[in-house]
**Q** 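To start, I am sharing the structure in question, which I have written as structure tokens.
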There are 2 protein chains.
Amino acid sequence: MALRHAVLAALLDGELSGYELAKAFDLGVANFWHARPQQVYAELTRLEEDGFVAGREVVQENRPNKRLFRVTDAGLAQLQSFTAVAAKPSFIRDDLLVQVQAAGHVDTGALIERLTERAAIAREKAGLFAKLLRTMRGECTEEEFLRHGAHVGPYLTCRRGLAFEEGNREWCEHVIAVLRDRAENRAGD
Amino acid sequence: MALRHAVLAALLDGELSGYELAKAFDLGVANFWHARPQQVYAELTRLEEDGFVAGREVVQENRPNKRLFRVTDAGLAQLQSFTAVAAKPSFIRDDLLVQVQAAGHVDTGALIERLTERAAIAREKAGLFAKLLRTMRGECTEEEFLRHGAHVGPYLTCRRGLAFEEGNREWCEHVIAVLRDRAENRAGD
DNA sequence: CCATGATAGTCATGAAAATGACTAGTCAGG
DNA sequence: CCTGACTAGTCATTTTCATGACTATCATGG
């Protein structure tokens, strides 16, 4: 029951098509949740059945028709009651951490490769988020935007995403440095 | 196929009983992964069937017997090949982010409550991780430990956990401040 | 003596998420 | 003219996770 609310929350600030939503959730641009297109479509269908979103067909020329969705009052009430109860704490769950946990027992070179790849990905995502933030706040300074801007929700979640990816990158780089250092030390024995 | 490797990695630095493992994964003390006891037991059973871990019965007085597990050579090889392929990037996936995404459309007071709760949890977890780190490095300074200490894997993953929770706390506090500020502004209209 | 809580697990069920395969039209490049 | 990429989805299957309920024994506190 979590994707449900994520989809509702994503639809709050403007109508979107299933395809747009799906893409956002797939790339993680909807930086607060991740899901595959199939999941998103399935969830939209269920949400519409339950009357939490309403779709309207938009006929297009030169490309397939699409359906734009918006949140209904019932949907908003649903979200409201979702916010009323405590969210269960989140955990990091990352294959890369498992790999690092095994450092010392597995090939260090391979590990460093993984960490380098990940650092690059993290840097890219951080850049993307930073750009998104700039777009969202437009002309305003961050302070002004946070005080008076519309749609602060997405802005704030995007900030979390940015900090997370920066944390990832820093950690990766630190681990790489530590592993390199240890490898040299051992070579010097 | 991820819990599998997480369990293997957790067993690398010493024999553990199913119960100990399960507890570690439940509390997230195995800070790099989270799973319920039932999952851990089930995975241990499968790992033993596949010959990746070996259990030995330890007869105890005054309490139920337990089984201590260790990783076999086949298990280590399995982990090694797991490390050889790129880990898929991780995403944050957090109910709280969904709730914040909806800020402006839902009750701000409730949101601030959620954020306050979460900030407290994050602070607690960060403290726990910091303590764990101190225990692991013992007398050494961090630098010395990272250079020469045994079991750096768990130390490094714990550091990621610590940074993550600190990031959580800072973000929560920042969002609270922003929401309060906006509420005051609106009240002043 | 009774209730708790810790140790040490097992079983069954259901919800959520991931994966792979498929349709169908448009547009740009070689 | 063919290929690949983009728009806009759907269907089916499997794997993984989460949940609640259940069995035992021992130790502790009141």
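The sequence lines fix the lettering, A, B, ..., with proteins before strands; numbering per chain opens at 1.
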**Q** For the side chain of Tyr41(A), counting heavy atoms from C-beta on, which of dT10(D), dT19(C), dT7(D) is nearest?
**A**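 Of dT10(D), dT19(C), dT7(D), dT10(D) is nearest to the side chain of Tyr41(A).
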**Q** Salt bridge between Arg147(A) and Glu184(B), side-chain N to carboxylate O under 4.0 Å?
**A**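 No.
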**Q** List the atom pairs, donor and acceptor, that lie under 3.5 Å between side-chain atoms in residues 73-81 of chain B and the rest of the protein, sequence neighbours left out.
**A**
residue  : atom : partner   : partner atom : Å
Gln80(B) : OE1  : Asp107(A) : N            : 3.2
Ser81(B) : OG   : Gln78(B)  : O            : 2.9

**Q** Expressed in angstrom and rounded to an integer, what is the separation of Asp26(A) atom CG from dC6(D) atom C1'?
**A**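 Result: 14 Å.
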**Q** Could you tell me, to 10°, how much the axis swings from one end of the helix from dC1(C)-dG30(D) to dG30(C)-dC1(D) to the other, five pairs per end?
**A**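 For the helix from dC1(C)-dG30(D) to dG30(C)-dC1(D), the axes at opposite ends meet at about 30°.
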**Q** If you compare every side-chain N and O of Arg93(A) against the phosphate oxygens of dT16(D) (OP1, OP2), does one of them come in below 4.0 Å?
**A**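 No, no such contact exists.
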**Q** So, is Arg36(B) close to the dT19(D) phosphate, meaning a side-chain N or O under 4.0 Å from OP1 or OP2?
**A**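 Checking Arg36(B) against dT19(D): at least one side-chain N or O falls below 4.0 Å of OP1 or OP2.
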**Q** Does dT19(C) have OP1 or OP2 sitting under 4.0 Å from an N or O in the side chain of Lys88(B)?
**A**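 Lys88(B) to dT19(C) OP1/OP2: side-chain N or O found under 4.0 Å.
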**Q** Keeping Arg70(B) on the side-chain end and Gly55(B) on the backbone end, is there a donor-acceptor pair under 3.5 Å?
**A**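 Not confirmed, Arg70(B) side chain does not pair with Gly55(B) backbone.
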**Q** On DNA chain D, compare the nucleotides closest to Pro37(A) and Arg46(B); which residue's is nearer the 5' end?
**A**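 Per heavy-atom nearest nucleotide, the more 5' residue is Pro37(A).
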**Q** Regarding Glu165(A) and Arg169(A), does a basic nitrogen lie under 4.0 Å from an acidic carboxylate oxygen?
**A**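 Looking at Arg169(A) together with Glu165(A), the answer is no, because their closest N to O distance does not fall below 4.0 Å.
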**Q** In this structure, how many angstroms lie between the P atom of dG9(D) and the CD atom of Glu43(A), rounded?
**A**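 Distance, rounded to whole Å: 16 Å.
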**Q** Between Tyr19(A) and dT7(D), does any side-chain N or O lie under 4.0 Å from OP1 or OP2?
**A**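 Yes, because at least one side-chain N or O of Tyr19(A) sits under 4.0 Å from OP1 or OP2 of dT7(D).
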**Q** Is the backbone N or O of Arg36(A) less than 3.5 Å from a side-chain atom of Gln39(A), with the two atoms forming a donor-acceptor pair by type?
**A**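 The answer is yes, because a donor-acceptor pair under 3.5 Å joins these two groups.
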**Q** Nearest to the side chain of Gln39(B) - dA18(D), dT7(D), dG9(C)?
**A**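 Minimum distance to the Gln39(B) side chain belongs to dA18(D).
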**Q** To the nearest Å, give me how far apart CG (Leu21(B)) and P (dT7(C)) are.
**A**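 For the pair Leu21(B) CG and dT7(C) P, the rounded distance is 14 Å.
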**Q** Take atom CG of Asn65(A) and atom C1' of dG9(D), then tell me their distance rounded to the nearest Å.
**A**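 The distance from CG of Asn65(A) to C1' of dG9(D) comes to 12 Å, rounded to the nearest Å.
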**Q** Determine: side-chain N/O of Arg67(B) to OP1/OP2 of dG9(C), distance under 4.0 Å, yes or no.
**A**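 For Arg67(B), the contact criterion (side-chain N or O under 4.0 Å from OP1 or OP2 of dG9(C)) is not met.
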**Q** Would you call Glu15(B) and Arg56(B) a salt bridge, taking side-chain N to carboxylate O under 4.0 Å as the test?
**A**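 Yes, charged N to carboxylate O under 4.0 Å.
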**Q** Between atom CZ in Arg4(B) and atom C1' in dT16(D), what is the gap in whole Å?
**A**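 Between C1' of dT16(D) and CZ of Arg4(B): 13 Å.
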**Q** Closest to the Gln60(A) side chain: dA8(D), dA17(C), dA8(C)?
**A**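 Nucleotide nearest to Gln60(A)'s side chain: dA8(D).
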**Q** Should Phe164(A) and Lys125(A) count as side-chain neighbours, where that means a heavy-atom distance under 4.5 Å?
**A**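 No, every pair of side-chain atoms sits at 4.5 Å or beyond.
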**Q** Which part of the nucleic acid, if any, lies within reach of Gln38(B) when heavy atoms closer than 4.0 Å are counted: base, sugar-phosphate only, or nothing?
**A**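 If one applies the 4.0 Å heavy-atom cut-off, Gln38(B) turns out to touch a base.
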